[in-house]
*Asks:* 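Can you keep this structure in mind? I'll have questions shortly.
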Amino acid sequence: MNELMNPKRRTLIQAASAAGLWMGTGMQAASAAVTAKADPWKQAQAIIDRFARPIRFRKEDFPVTNYGAKSCDVKPVEAWVSFVDRKTLSTPVEGAHDCYPAIRAAIEACHKAGGGRVLIPAGNWFCAGPIVLLSNVNVHLQAGAHIYFSNRPEDYAKYGEFDCGPRGKLSMTRWEGNDCLNYSSMIYAFGQRNIALTADDWTAVLDGQAGVNFPDSEYCWWSWKGREKPSSAGDIAPGSGNWVKHKKGETEVSLNPLNPASLAEVAPHLSEEKIRFIQGEGDKWRRDSNYLRALAEAGVPANKRVFGIGHFLRPHMVQVINCTNVLFQGYQLTNSPFWQHNPVGCRNVHVKGIYANSIGPNSDGFDPESCEYVLIEDSTFDTGDDCIAVDSGKGPDVQYGPSKNIVVQNCKMHSGHGAMTFGSIMSGGIENVFAQNLVFENSHWRTDPLNIAIRLKSNMSRGGYLKNLHIRNIQIPNGIRTTPAFYSTLPGSLIPNKSVATSAGGIITIDCGYDPVNDNVRTRPPVVQDVHISNVQVGNVDTGKGQFSCYQAIVILGPVASDYNGPANPPPNIVPVRNITISDCNLGNPVNAEQPLYLYNVRDLTLKNVRIGGTVHNKTLSA
């Protein structure tokens, strides 16, 4: 494993921070653990209180205009704004001044001086490279500042620390929970302390231009997704009949000839049997999205997992890795190539008053991954994937440990796959998460509905655990999607194919059999326990066929034993989802009134004063 990815480094950073900002004493932590047993919301308040003292920066400003930045003119352009919709947007004119060198110089000068604010004034700014945050620097956008990031992929393979020859100068990144060298995210940091990305208000925009065609091309960042057409199964409902076009062979789901014909070429330490197991049937493992997963399963070190130019793993908009004391506040982010925000292995992350506004493919709003002490509040999410998804690595890449001690409060969600989601990238585990006072507005319910309100997803490959989850005071005035969507099951599965609506349609969905056909290695049974949800109030909408709130109210698919494909001896410990309480809720009128609940491999699901349709449920169920 590359030195930069050594988890011992994170331990040292955390220890060094013990006397710094936001760090509680050992006595405080012990006290919080004790009080949580009596009242878990006291533990949530203790997490919130850590952020009462804001991160502070030295009082000096570094305007980027002092370092050569110049605003640019923009022109109208027809661009994708989702997988199926196009609109007229603005983009920098050809030959626009590149502000990358000026922004970099301002950040480096600020860092060298001991910290301060790097100011980006009102105006249009073109940046042909990543904004790399350094310790003690707050990059601040004033009202009306609009940063247009270049939509040339090669601009994010020029400045990384790792010179990978024809693949470019790449950065150490994490893509869907696995480490690799790849294009830099548009805003990036690694191993930094006391960093912030802030703005005056939502007129300050970070624009990834992901739906604007590449220069001299009919394709864009979102083309690399490689979806053949709109789908009704869980993510994009068919609309106008148009969809983002892609070039055959140049997508994350295309067989890439740059990837070897056998893992033996990059992992000679593996036996033939192990290679066959990881690769599975056929050549699908050579697709970029699967190849990275195979490299991780094969134990190939992160600095040998080289992607970049010639590969098609889209970069995140914002990714910060192994950082301590991080603030995101006040700006709007739009048109992200991939996930909008992904802090990995970070400690003390505060998110306040942001607008995550990107509805392209995989445009998750905020994905804290293997992070400890996170507060997300007063923010709005309108996304093309999960609004908030708590993650913790995939497969063997769990060196940063679990995600834990997280609070989400006072936020609003619109479109997305899940409003409040856990996994599916959760191999390192998730614990001590609290969500309260949220509005899942679902304002686009007619055309782009929220698929699931509260969602957990894992499977025999992702594994991991979820425990001590508390959710309360959730308003869902316009319901969620009222039509079901399904994932395919494996041949011979105990679950009939496309029979459980775990992809869309359930208000509360726990899915431990998530999309298993895309995972060759299925040897990690997930564990889900101690989930407590209260005061979820769901409204009905007029679908034309009646007043409905969802397809099904509660869907719980526990671990599916037949999905396991590891050694039979010793037998795997596959346990049911257990100790789930849902209380004081009105879940509206499900379309599937005959079966408003689906339960499989569940023990001790307790319903207390839960209204579904015309029935109030007070009972404990196992299935």
Side-chain angles (χ1 to χ4, degrees), residues 37 39-41 44 418-423 430 433-440 450-458 465-477 479-482 484 495 499-502 504-513 526-540 547-560 575-623:
K37 294 181 179 180
D39 182 358
W41 291 102
M420 191 71 228
T421 296
F422 306 88
I430 299 169
V433 181
F434 307 86
Q436 63 178 345
N437 307 330
L438 306 176
V439 178
F440 301 163
L450 179 68
N451 286 346
I452 296 170
I454 299 167
R455 183 182 198 188
L456 172 122
K457 43 184 175 173
S458 186
Y465 64 86
L466 174 71
K467 63 182 180 181
N468 197 28
L469 168 64
H470 299 266
I471 298 176
R472 68 178 182 181
N473 303 340
I474 310 297
Q475 299 294 319
I476 313 177
I480 63 161
R481 177 168 158 166
T482 57
I495 305 299
S499 64
V500 186
T502 51
I507 294 170
I508 299 169
T509 298
I510 297 176
D511 178 12
C512 295
V527 174
V528 179
Q529 63 185 53
D530 304 326
V531 176
H532 308 286
I533 300 170
S534 65
N535 192 25
V536 177
Q537 304 297 322
V538 188
N540 300 308
Q547 297 282 333
F548 299 110
S549 63
C550 60
Y551 175 72
Q552 282 179 302
I554 300 169
V555 179
I556 301 180
L557 177 65
V560 182
V575 298
V577 172
R578 60 191 187 273
N579 191 22
I580 312 296
T581 63
I582 303 173
S583 60
D584 301 320
C585 296
N586 185 343
L587 303 184
N589 300 329
V591 169
N592 190 351
E594 294 184 2
Q595 190 183 21
L597 282 72
Y598 175 91
L599 305 178
Y600 175 89
N601 200 14
V602 184
R603 189 176 70 205
D604 297 334
L605 165 66
T606 299
L607 305 179
K608 299 178 182 178
N609 189 30
V610 176
R611 178 178 292 277
I612 302 174
T615 303
V616 176
H617 298 269
N618 288 284
K619 53 189 174 183
T620 297
L621 302 169
S622 297

*Asks:* State the CG-CD1 distance between Leu597 and Ile582, to the nearest 0.5 angstrom.
*Replies:* 7.5 Å
*Asks:* Which one of Val555, Ile556, Ile510 satisfies the side-chain contact (heavy atoms from CB on, under 4.5 Å) criterion with Thr502?
*Replies:* Val555
*Asks:* Of all the heavy-atom pairs spanning Gly558 and Val577, show the shortest one and how long it is.
*Replies:* CA-CG2, 3.8 Å
*Asks:* Between side-chain atoms of residues 616-623 and protein atoms elsewhere (two or more places apart, or another chain), which donor-acceptor pairs fall under 3.5 Å?
*Replies:*
residue: His617; atom: ND1; partner: Lys619; partner atom: NZ; Å: 3.3
residue: Asn618; atom: OD1; partner: Asn609; partner atom: N; Å: 2.7
residue: Thr620; atom: OG1; partner: Thr606; partner atom: OG1; Å: 3.1
residue: Ser622; atom: OG; partner: Asp604; partner atom: N; Å: 3.0

*Asks:* How long is the straight-line distance from CG of Asn586 back to CD1 of Ile476, given to the nearest 0.5 Å?
*Replies:*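 Going from CD1 on Ile476 over to CG on Asn586, the span is 10.5 Å.
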*Asks:* Treating Asp511 as the side-chain partner and Leu456 as the backbone partner, does any N or O pair qualify as donor plus acceptor under 3.5 Å?
*Replies:* no
*Asks:* Show the nearest heavy-atom pair for residues Leu450 and Ala419, with the distance to one decimal.
*Replies:*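 Residues Leu450 and Ala419, closest heavy atoms: CD1-N, 3.7 Å.
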*Asks:* Within the side chain of Gln552, is there an N or O that forms a donor-acceptor pair under 3.5 Å with the backbone of Gly505?
*Replies:* no
*Asks:* Drop me the distance from His532's NE2 to Ile471's CD1, to the nearest 0.5 angstrom.
*Replies:* 11.0 Å
*Asks:* Atom OG1 in Thr509, atom CD1 in Ile507: separation rounded to 0.5 Å?
*Replies:*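 If we round to the nearest 0.5 Å, Thr509:OG1 and Ile507:CD1 are 9.0 Å apart.
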*Asks:* Working to the nearest 0.5 Å, report the span between CD1 of Ile480 and CD1 of Ile508.
*Replies:* 9.5 Å
*Asks:* Could you check Thr581, Ile580, Asn468 and say which one makes a side-chain contact (heavy atoms from CB on, under 4.5 Å) with Val531?
*Replies:* Ile580
*Asks:* Counting distance only, does the side-chain N/O of Ser549 pair as donor-acceptor with the main-chain N or O of Asn589 below 3.5 Å?
*Replies:*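 Side chain of Ser549 to backbone of Asn589: a pair is present.
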*Asks:* Identify the two heavy atoms, one from Asn535 and one from Cys585, that lie closest to each other, and give their separation to 0.1 Å.
*Replies:* N-SG, 3.7 Å
*Asks:* What's the separation between atom NE2 in His470 and atom CD1 in Ile533, rounded to the nearest 0.5 Å?
*Replies:* 11.0 Å
*Asks:* Looking at every heavy atom in both Pro596 and Ala593, which two are closest together, and how far apart are they?
*Replies:* CD-O, 3.3 Å
*Asks:* Can you see which heavy atom on Pro526 is nearest to which on Pro559, and at what distance?
*Replies:*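 Shortest heavy-atom separation between Pro526 and Pro559 comes out as O-CG, 3.7 Å.
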*Asks:* Taking atom types as modelled, is there a side-chain donor on Asn473 or Asn437 under 3.5 Å from an acceptor on the other?
*Replies:* yes
*Asks:* Taking all heavy atoms of Leu607 and all of Ile554, pick out the closest pair and write down the distance.
*Replies:*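 For Leu607 versus Ile554, the nearest heavy atoms are CD2-CD1, 4.0 Å.
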